[in-house]
Amino acid sequence: MAEIKFEITEKLGVISYSTRGWSKELNLVSWNDREAKYDVREWSPDGEKMGKGITFSKEEIITLKDLLIGLDLS
């Protein structure tokens, strides 16, 4: 299995913390030297290990933001 190269280019915020110390974060991440994308996933406390996540282009994150704003969360 080929090694996956990543670089967190900007930490945007922590969404939550698990009981084992991992944090679910929104970051801009460059995967395999490609343009950075918005990324939501869990990271180990040292930032060396990651869980499964999802990436979004700028257009997708704008659409997601609009969908979230439209939700009735009361």
Side-chain angles (χ1 to χ4, degrees):
M1 182 174 188
E3 183 179 340
I4 297 173
K5 183 178 177 186
F6 69 92
E7 177 188 0
I8 298 175
T9 60
E10 187 175 351
K11 289 186 170 255
L12 299 172
V14 174
I15 298 167
S16 65
Y17 291 97
S18 73
T19 56
R20 48 192 183 118
W22 286 50
S23 56
K24 188 175 294 173
E25 302 178 9
L26 172 63
N27 298 311
L28 276 171
V29 180
S30 171
W31 297 98
N32 297 319
D33 295 320
R34 294 189 179 127
E35 181 181 352
K37 292 190 173 195
Y38 294 90
D39 184 88
V40 176
R41 73 183 60 243
E42 284 192 327
W43 293 89
S44 64
D46 63 7
E48 295 295 319
K49 295 179 184 173
M50 68 192 89
K52 290 183 180 178
I54 185 167
T55 59
F56 299 94
S57 67
K58 183 177 180 180
E59 294 78 16
E60 290 170 330
I61 204 79
I62 289 169
T63 300
L64 177 61
K65 179 190 77 142
D66 292 342
L67 289 168
L68 291 170
I69 288 171
L71 290 178
D72 180 9
L73 297 175
S74 55

Item checked: Worked verdict on Y38 versus E60 for side chain to side chain contact (heavy atoms under 4.5 Å, CB included) -> CA-CA 9 Å; Y38 294 90; E60 290 170 330; over 6 Å; no

Check: Residues two or more places apart in sequence or in another chain: which of them pass side-chain hydrogen bond (donor to acceptor under 3.5 Å, both in side chains) with T9?
Finding: none

When the side chains of residues 64-74 are checked against the rest of the protein, which donor-acceptor pairs come out under 3.5 Å, sequence neighbours left out?
residue, atom, partner, partner atom, Å
D72, OD1, S74, N, 3.3
D72, OD1, S74, OG, 2.6

Verify the cluster assignment for [X] and [Y]: are they in a single hydrophobic cluster under the rule of side-chain heavy atoms below 4.5 Å apart?
{"X": "M50", "Y": "V40", "value": "no"}
{"X": "I15", "Y": "F56", "value": "yes"}
{"X": "L26", "Y": "V29", "value": "no"}

Note to self: Once ring pair (Phe, Tyr, Trp, His ring centres under 6.0 Å) is applied, do any residues pair with W43, and if so which ones, sequence neighbours excluded?
What the structure shows: F6

Minimum heavy-atom distance between [X] and [Y], given as atom pair plus value:
{"X": "P45", "Y": "G21", "answer": "CG-O, 3.4 Å"}
{"X": "N32", "Y": "E3", "answer": "OD1-O, 4.2 Å"}
{"X": "D46", "Y": "S44", "answer": "OD1-OG, 2.6 Å"}

Check: Out of curiosity, N27 CG to T55 OG1, how far, rounded to the nearest 0.5 Å?
Finding: 12.5 Å

Next item on the list: Report the distance from atom CD of E42 to atom OG of S23, rounding to the nearest 0.5 Å.
Entry: 8.0 Å

Margin query: Using a 3.5 Å distance criterion without hydrogens, assess whether the side chain of D39 forms a donor-acceptor pair with backbone atoms of L28.
Written below: no

Notebook entry, point to check: When you measure from the centre of the six-membered ring of W22, is the NZ or CZ of R20 under 6.0 Å away and within 45° of the axis?
Noted result: yes

